[in-house]
Each structure stands twice: as C-alpha cells, then as structure tokens.
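The structure appears right after this line, and notes come after that.
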There are 2 protein chains.
Amino acid sequence: MSDAALDREFRIPPPPPGAEVPEPLPEPGRDEIRLEAVMAALSDPLRIGVVRKLLLESVDFDHTCTWFGLERPKSSLTHHFRTLREAGLVRQRQYGPSRRNQVRIADLKARFPGLLALIADWTPAE
Amino acid sequence: MSDAALDREFRIPPPPPGAEVPEPLPEPGRDEIRLEAVMAALSDPLRIGVVRKLLLESVDFDHTCTWFGLERPKSSLTHHFRTLREAGLVRQRQYGPSRRNQVRIADLKARFPGLLALIADWTPAE
DNA sequence: CAAGTAGTACGAGAGAATTCGTACCAGTGG
DNA sequence: CCACTGGTACGAATTCTCTCGTACTACTTG
C-alpha cells in the first residue's frame, strides 16, 4: 500500500477541539531519527505488529498500551513501547494515568518515504 | 607485492561468460524472505553500508568481501555477510577461492517495494 | 610442491536485548 | 480514605549478537 493510500484511508483525526493535549514524552527530533535504529526497533515481531496495528486501526486519536491486547506482562510492554518511542516510530503522551501512542506518520513519511507502506503490508509469520 | 598480486588487486574480473555462473549459496526463496529478518540485518551500520555500497557501486558485477575495504577481521566479515545472505538481502556465489556478493534486487523490489530506495539513501552517522 | 589468497568453522568473551517478577506511583471513582 | 486502573523503575536471568583469535580448507600462482 502506498503512502498516499495510507493518507486517504487511515489518517489519524486531529485531537478533539478544546481537548488538552499533553506534551510528548522525550523523543528524537525528525532529523535525529536513524534508519538503523528504526530497523532495529522493527526487527521484533511484537513491535512491528504494534506499529502496523496503529497504522491500520487507529480510528481514534491514539491508544493505550493495553488496547493492543498483547498477552505480555506490563513491564515487557513498557520496554517495547519505550523502544519504539526512542527509535522515533511512535509518539507517547501522558493522559492522566495512561500513556497513549500514535505513529509519527508525518515525520516518518518525510524522512523515510515508503517505510510506512512496508510496515502496513507486513503480516506475522504463520 | 608481486606483479601478479598487483594484477589481482586492481583487476575487476569480468562477469563469467554464460554457463560458468556457480549456483548461489543456500538462501531463502523470494517468498520466504521475512521483513523482520531484513530489518534485523539492516540494523547494523556495517551491514546496511555494505548493501548500500553494493547498490550504488556495483550494478553490473558482484564483489568479494574484501572489495569493500572494511577493516575488520575476516571472521567478522564472514559473520556479517552470512547474516545478509540468510536474511535474503544478498546472494553469494563461490568463484574459485573467493565468494562474491550481489544484492537480490529483483526479489527485494518485488517483495518490499521502496526498501532499496531507503537503503540507497542511508548515510552513516557522523 | 610451496607460498599466497580468500575464505570457513569453532569457540570464547563482552555487551546488548528480551523477558518478567516485584515493588511502586499517579489518577479516578466509589 | 480505599481500591482499582494503567502504567513506571529496577534488577535478575536468559538469550542473542557482535567481535575476534585461532586453526583450517580450497584454489591459484610461481
């Protein structure tokens, strides 16, 4: 699937008007994102599956870690989502007690055109 | 260095005419290449640099491991080139005593469109 | 045959990732 | 206040990866 198709079909709506959007947690700037780090983050099936699910099913603004239905201990999920954030793939914001995730679509499209399409087309091994 | 050694050093052997091309070493078939494995292989700067150099500077022929000018022990290079081959990124053929490498351009274009462009655009960290 | 070349395989040490238990903390809703 | 939810931080065990030395093999050249 092309980046343009992703734009048309799976665009993440803006936050609701008047809602307070917390600042993102620390993350690399757009120009600091390294392809090696992105590749390393995506080399784990759980993590590339998370990014893909966010791309394809993010009908709402963003999602908590538990929304993904991953059957892992919470401390493991913390590790994987931090890995994705530090690589520059997802942005995390703290909404009260929960932490919500979204793919950095604009940054990734600008920096690595075609990458999101590869992720969206990924399927887990049988 | 002997004259013969000088000859070998600077001669790029022509592509073997016709049927003299050895069979590739064991590698995953086109449809067996996994994106996770490709990402893992490319997450090492040395390896993504090798693939990039092959893409940009050796469209016609394939090249030995030492052609890359990497200042690592031979056993380290064996490890990295095997990783690339087992991930499905490069094809290796045995020409006499030396082993030559090519990017699997057709397979990767078909399976992961856009990936090769990402690799070609990569630059090492400063 | 002997020397040189281009690799391999094995194995060990160091370091990084992964997994996960445990303890803990911040909001939210009785 | 108390329990619950949705996380974090730390640390340990395990596993994986990277690096590299050593010894070895295969082929080519003189």
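Here is how names work: the chains are called A, B, and so on, in the same order as the sequence lines, proteins then strands, and each is numbered from 1. Values below: every heavy atom of this structure, side chains too, minus hydrogens, waters and symmetry copies.
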query: Relative to the 5' end of DNA chain D, which residue comes earlier, B:Ala40 or A:Leu77, by the nucleotide with the nearest heavy atom?
result: A:Leu77

message: Looking at B:Leu77, is its backbone amide N or carbonyl O close enough to the side chain of B:Arg72 to form a donor-acceptor pair, meaning the two atoms are under 3.5 Å apart?
response: no

d(CG, B:Leu46; P, D:dT17) in whole Å: 16 Å

- prompt: To the nearest Å, how far apart are B:His80 NE2 and D:dC16 P?
  reply: 18 Å

- request: Give a yes/no on whether any side-chain N or O of A:Arg99 is located under 4.0 angstrom from OP1 or OP2 of D:dG6.
  value: no

- line: Winner on side-chain proximity to B:Pro73, out of D:dG21, C:dT19, D:dC18, is D:dG21

field: d(CD, A:Glu36; C1', C:dA16) in whole Å
entry: 16 Å

- prompt: Given B:Arg91, which of B:Glu27, B:Glu86, B:Glu23 fulfils the salt bridge (Lys or Arg N to Asp or Glu O under 4.0 Å) condition?
  reply: B:Glu27

task: Taking only the side-chain heavy atoms of B:Lys74 (C-beta and beyond), determine which of C:dT18, C:dT8, D:dA9 contains the nearest atom.
output: C:dT8

- prompt: Does A:Arg100 put a side-chain nitrogen or oxygen below 4.0 Å from OP1 or OP2 of D:dG7?
  reply: no

- request: Give a yes or no on whether the backbone of B:Asp121 and the side-chain of B:Arg52 come within a donor-acceptor separation of less than 3.5 Å.
  value: no

Whole-Å gap separating C1' (C:dT19) and CZ (A:Phe81): 16 Å

query: How far does CZ of B:Arg34 sit from OG of A:Ser43, to the nearest 0.5 angstrom?
result: 12.5 Å

- prompt: Do side-chain atoms of A:Arg93 reach the backbone of A:Pro22 as a donor and acceptor pair under 3.5 angstrom?
  reply: yes

field: Rounded distance in Å - CZ (B:Arg93) to P (D:dC27)
entry: 18 Å

field: A:Ser75 side-chain proximity, nearest of D:dA9, C:dA6, D:dC20
entry: D:dA9

field: Interatomic distance, B:His79 NE2 vs C:dA9 C1' [rounded to whole Å]
entry: 14 Å

query: From D:dC18, C:dG7, D:dC20, pick the nucleotide closest to the side chain of B:Ser98?
result: C:dG7

field: Gap between atoms CZ and C1', on B:Arg47 and D:dT19 respectively (whole Å)
entry: 12 Å

- prompt: Out of D:dC20, C:dT19, D:dT8, which nucleotide sits closest to the side chain of A:Thr78?
  reply: D:dT8

task: Return the value, rounded to whole Å, for the distance between atom CD of B:Gln94 and atom P of C:dT8.
output: 7 Å

message: If you compare every side-chain N and O of B:Arg82 against the phosphate oxygens of C:dT8 (OP1, OP2), does one of them come in below 4.0 Å?
response: no

